[in-house]
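One structure is given here, and the rest of the page talks about it.
Scope of the values below: all heavy atoms of this structure, side chains included, with no hydrogens, waters or symmetry mates. Quantities reported herein were computed from a predicted structural model and do not represent experimental measurements.
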Protein chains: 2
Amino acid sequence: MDDNGENRPKTRIQRRNTQAILEAALEVFSSYGFRGATLDQIAKAAGLSKPNLLYYFPSKEAIHAELLGGLLDVWLAPLRALNPDGEPRTEIMTYMRRKLEMSRAMPRESRLFANEVLQGAPRVAEVLSGGLKTLVDDKAAVIRTWIEAGRIARIDPHHLIFSIWALTQHYADFEVQVRAVLGTERDAFAEAEGFLDRLFDRLLTPDP
Amino acid sequence: MDDNGENRPKTRIQRRNTQAILEAALEVFSSYGFRGATLDQIAKAAGLSKPNLLYYFPSKEAIHAELLGGLLDVWLAPLRALNPDGEPRTEIMTYMRRKLEMSRAMPRESRLFANEVLQGAPRVAEVLSGGLKTLVDDKAAVIRTWIEAGRIARIDPHHLIFSIWALTQHYADFEVQVRAVLGTERDAFAEAEGFLDRLFDRLLTPDP
DNA sequence: TCCATTTCTGACCATATGGTCAGGACGATG
DNA sequence: CATCGTCCTGACCATATGGTCAGAAATGGA
């Protein structure tokens with residue numbers, strides 16, 4: 001089904017152009033969603049002609065799929081890195097900080113996923129209920145052992161993870177809103193770090 | 001500029017059809033975003049022909065604008081209701097619960113706004129930096145007085161409001177993801193209420 | 001019942017869009 | 001420099017889409 005993976009870009013030109021296309025596609029898809037984006041927009045942003053786009057990728061779908069698939073691992077890496085043998089609060093705080101840093105450094109990637117999920121995740125539904133669910137369930141189980149050991153507060157692990165997603169991605173996905181409300185003077189991400197540190201510190205502290 | 005407001009729907013048929021159109025448009029726009037939605041989809045969902053749609057609304061833009069504008073007041077009502085003279089924690093907790101309830105009861109409306117803001121809010125940019133900013137600044141000032149009086153913890157009011165938005169809207173905007181991860185057995189919103197109660201209770205409690 | 005107004009439709013239009021194709025330009029390799 | 005495979009393009013196509021229009025059908029009031 002998927003003819004990628006075997007025949008990677010070989011020549012210099014292929015590498016440069018596929019890279020430019022994916023970069024441009026990220027820009028456009030993250031701004032307009034899949035249906036709202038057009039090949040002409042992507043081609044223009046990549047500095048290529050539309051037929052040339054389709055010389056490197058067989059279809060609009062394929063570009064989108066390549067983008068999503070290629071970024072999924074990066075996107076989930078921080079959660080994967082959550083170490084069952086680490087110090088519970090450190091592990092969770094580190095995870096949260098990494099997610100926030102990703103929102104800051106890769107807001108377009110965040111919006112790409114947000115657009116996809118918002119619109120019903122038609123292209124990644126299997127990933128959500130497959131790999132993602134497995135990963136989250138796995139880490140939730142780890143967190144549960146920490147709770148049982150009394151090392152962090154007794155809160156639902158799944159919703160703890162959701163809260164990290166929601167609070168960190170909010171600053172990327174709703175950036176224009178955050179900026180509009182805070183004004184251009186304030187640094188939303190810098191402030192968010194302090195705020196979220198405090199929030200999760202309080203949330204995780206076990207009851208006396 | 002806006003020729004609405006004066007000539008509201010009068011006849012029974014007008015009322016019924018404009019209602020059906022807005023209902024259908026909410027369904028379609030919230031699922032696909034502005035550019036991703038088509039008039040044919042909306043017309044079909046409303047049980048009308050496309051020309052008939054355009055008999056009631058002058059353009060696709062107009063339908064979208066009417067939807068957004070009509071819902072803004074409803075959407076911001078809970079924040080407006082935050083009472084400076086009320087008991088601080090009760091006021092904030094009530095606000096959070098109302099927002100969560102709105103996410104539960106009106107997920108399509110939430111996604112409509114989410115789509116709009118995600119894609120750069122081209123049609124509501126003025127509202128964000130105008131009315132919304134004013135409202136938020138106003139309520140943030142109220143919260144700040146509560147903090148100064150030592151009645152709630154010393155946390156940034158703007159980010160407190162952001163956190164309420166992020167955490168409650170997450171359950172509507174990313175519903176498919178939440179459902180995929182949680183499975184169909186669990187009731188995300190019921191669980192969220194308990195989780196968020198606990199979270200904000202801990203967040204707001206003043207330092208000893 | 002008759003007429004004016006409102007409501008609705010099929011046919012149509014201009015443009016946008018995803019995608020194709022024949023062939024030309026280019027670049028590396030002998 | 002000849003040649004072969006890579007790279008690229010203009011022209012083109014089928015379909016989708018937002019929107020228009022002349023006129024038919026329904027509605028409502030006198």
Using the six-membered ring wherever Trp is involved, compare the ring planes of Y171(A) and F189(A) and label them parallel, tilted or perpendicular (cut-offs 30° and 60°). tilted
For residues L182(B) and H159(A), determine if any side-chain heavy atom of one lies less than 4.5 Å from a side-chain heavy atom of the other. yes
What one-letter contact string describes nucleotides 16-21 of chain C from 5' to 3', where B marks a base within less than 4.0 Å of any protein heavy atom, S marks contact via sugar-phosphate atoms alone, and - marks no contact? -SBBBB
Sidechain N-carboxylate O distance under 4.0 Å for E101(A), R104(A): yes
Residues within residues 22-33 of chain B bordering DNA chain C, heavy-atom distance below 4.0 Å: none
Salt-bridge criterion met for R111(B) and E175(B) (N-O under 4.0 Å): yes
Test of understanding: with side-chain contact (heavy atoms from CB on, under 4.5 Å), list the residues that count as partners of T38(B), not counting sequence neighbours. R35(A), D40(B), Q41(B)
Taking the inter-plane angle between the rings of H158(B) and F162(B) on a 0 to 90° scale, is it parallel (under 30°), tilted (30 to 60°) or perpendicular (over 60°)? tilted
Between P of dT7(C) and CG of N52(B), the distance in whole Å: 9 Å
Whole-Å distance, L48(B) CG to dC8(C) C1', equals 9 Å
Using salt bridge (charged side-chain N to carboxylate O under 4.0 Å, His left out), reason through E61(B) and R123(B) one step at a time and then give a plain yes or no. CA-CA 9 Å; E61(B) 272 280 347; R123(B) 278 163 281 273; 3.3 Å; yes
Whole-Å distance separating the CD atom of Q14(B) from the P atom of dT27(D): 14 Å
Helix axis bend for the helix from dT1(C)-dA30(D) to dG30(C)-dC1(D) - C1'-based end axes, five pairs, 10° rounding: 10°
To the nearest angstrom, the OH-P distance between Y55(B) and dG10(C) comes to 17 Å
Should M106(A) and W75(A) count as side-chain neighbours, where that means a heavy-atom distance under 4.5 Å? yes
Applying the side-chain contact (heavy atoms from CB on, under 4.5 Å) criterion to I143(B), which one of P88(B), P84(B), P157(B) satisfies it? P157(B)
Residues K139(B), E91(B): salt bridge by 4.0 Å N-O rule: no
Value rounded to 0.5 Å, distance of CZ in F200(A) from CG in L203(B): 10.0 Å
Residues that T184(B) engages under side-chain contact (heavy atoms from CB on, under 4.5 Å), provided they are two or more places apart: none
Can you tell me if the side-chain N/O atoms of Y56(B) get under 4.0 Å from OP1 or OP2 in dT6(C)? no
Strictly under 4.0 angstrom, non-hydrogen atoms only: write out the protein contact profile of nucleotides 24-30 of chain C, one letter per nucleotide from the 5' end, B, S or -. -------
Ion pair R198(A)/D156(B), N-O distance below 4.0 Å: no
Using a cut-off of less than 4.0 Å, is there contact between a side-chain N or O of T11(B) and OP1 or OP2 of dG28(D)? no
In whole Å, what is the span from the CG atom of N17(A) to the C1' atom of dT9(D)? 14 Å
Under 4.0 Å: is that the gap between some side-chain N or O of S49(B) and OP1 or OP2 of dT9(C)? yes
